[in-house]
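For reference, the structure is listed below as structure tokens.
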Amino acid sequence: DAGVIQSPRHEVTEMGQEVTLRCKPISGHNSLFWYRQTMMRGLELLIYFNNNVPIDDSGMPEDRFSAKMPNASFSTLKIQPSEPRDSAVYFCASSLGGAGLAKNIQYFGAGTRLSVL
Amino acid sequence: GEDVEQSLFLSVREGDSSVINCTYTDSSSTYLYWYKQEPGAGLQLLTYIFSNMDMKQDQRLTVLLNKKDKHLSLRIADTQTGDSAIYFCAERGSNDYKLSFGAGTTVTVRA
């Protein structure tokens, strides 16, 4: 399996621009997570989808952030308008979900490094 | 909420053993994980332990769990330069989907 695939790997944009980050989870996984990693806050969970439905978006920092999962194999995280403080590494992770240890292991993508100038 | 704490830095000589420590506060934590993050990469699951276990060994990795003290450790035997990375401890409750991560321990292996 190719693992969790994220694109782009790096994104540099100017303040005020719209940014869209993409994620393809591992085939057959029904849970998807978006995280943000910064030096100050470490890893923060932004949003969690189960079976394509957003279950917990309490970590989304502001209305400028939105996430969608139109189907089981694709998710996007959008920031509009972007601000310099959004600069971070954004990770997508997926898991099989369900009860039991093995099914809930989260597998991470390589991340998107976002720089907002 | 859950708090997971780790020391921030560890320097170890190549060939020695590394021990990375982690403490957590949630007594309902059922699953505990160690992830490794190399520069520019995502988090890679190294190993995990269920809360009814005291120890788990997997090749060079040994996980010890002291549930009474809520203390988890990861021992890397015969540390190699390729082990230089950030190591994250994470915990999850049995009916929870959320992982609570520590801040990560940066391990530097010196020759």
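Computed over heavy atoms, backbone and side chain alike; hydrogens, waters and symmetry mates excluded. Each chain gets a letter, A, B and so on, in the order its sequence line appears, and its residues count up from 1.
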Margin query: Report which part of B:Leu45 has an atom under 4.5 Å of a heavy atom belonging to chain A: side chain, backbone, both, or neither.
Written below: side chain
Check: Do A:Ile105 and B:Tyr33 come close enough that some side-chain heavy atom pair is under 4.5 Å?
Finding: yes
Next item on the list: Give the other cluster members for B:Met55, using side-chain heavy-atom distances under 4.5 Å between Ile, Leu, Val, Met, Phe, Trp and Tyr residues; answer none if it is isolated.
Entry: B:Leu64
Note to self: Just checking B:Glu5: does its CD atom have more than 12 heavy atoms from other residues, nucleotides or ligands closer to it than 6.0 angstrom?
What the structure shows: no
Notebook entry, point to check: Should the heavy atoms of other residues, nucleotides or ligands under 6.0 Å from CD of A:Glu62 be counted, would the total exceed 12?
Noted result: yes
Note to self: Using the side chain to side chain contact (heavy atoms under 4.5 Å, CB included) criterion, which residues pair with A:Ile55? Sequence neighbours excluded.
What the structure shows: A:Tyr48, A:Asn50, A:Val53
Check: Is it the backbone or the side chain of B:Gln44 that comes under 4.5 Å from a heavy atom of chain A, or both, or neither?
Finding: neither
Check: How far does CG of B:Leu99 sit from CG of A:Leu43, to the nearest 0.5 angstrom?
Finding: 9.5 Å
Notebook entry, point to check: Within a radius of less than 6.0 Å around NZ of A:Lys68, do more than 12 heavy atoms belonging to other residues, nucleotides or ligands occur?
Noted result: no
Next item on the list: Return the set of residues passing side-chain hydrogen bond (donor to acceptor under 3.5 Å, both in side chains) with B:Arg110 (not counting sequence neighbours), or none when no residue passes.
Entry: B:Ser11
Notebook entry, point to check: Which region of A:Gln37, side chain (C-beta onward) or backbone (N, CA, C, O), has a non-hydrogen atom less than 4.5 Å from a non-hydrogen atom of chain B, or is it both or neither?
Noted result: side chain
Next item on the list: Measure distances from B:Tyr97 to the heavy atoms of chain A and classify the residue's part below 4.5 Å as side chain, backbone, both or neither.
Entry: both
Notebook entry, point to check: Between atom CZ of B:Arg92 and atom CG of A:Asn104, what is the distance when rounded to the nearest 0.5 Å?
Noted result: 4.0 Å
Check: Do any of residues 108-117 of chain A come closer than 4.5 Å to chain B, heavy atom to heavy atom, and if so which ones, in number order?
Finding: A:Phe108, A:Gly109, A:Ala110
Next item on the list: Please determine, among B:Gly42, B:Ala103, B:Ala90, B:Gly40, the option with the most heavy-atom pairs under 4.5 Å with chain A.
Entry: B:Gly42
Item checked: Portion of B:Ala41 that has a non-hydrogen atom of chain A nearer than 4.5 angstrom -> backbone
Notebook entry, point to check: Crowded around B:Met53 CE? As in, over 12 foreign heavy atoms under 6.0 Å?
Noted result: yes
Margin query: Do A:Tyr90 and A:Val4 land in one hydrophobic cluster if side-chain heavy atoms of ILVMFWY residues count as linked below 4.5 Å?
Written below: no
Notebook entry, point to check: In terms of heavy-atom contacts, does CG of A:Asp63 have more than 12 from other residues, nucleotides or ligands at under 6.0 Å?
Noted result: no
Check: Measuring heavy-atom distances to chain B, does A:Arg9 have an atom under 4.5 Å in its side chain, in its backbone, in both, or in neither?
Finding: side chain
Check: Should we count CD of A:Glu14 as having more than 12 external heavy atoms under 6.0 Å?
Finding: no
Next item on the list: Give, for atom CZ of B:Phe101 and atom CD of A:Gln106, the distance between the pair rounded to the nearest 0.5 Å.
Entry: 6.0 Å
Check: Around atom CZ of B:Arg13, are there more than 12 heavy atoms of other residues, nucleotides or ligands at under 6.0 Å?
Finding: no
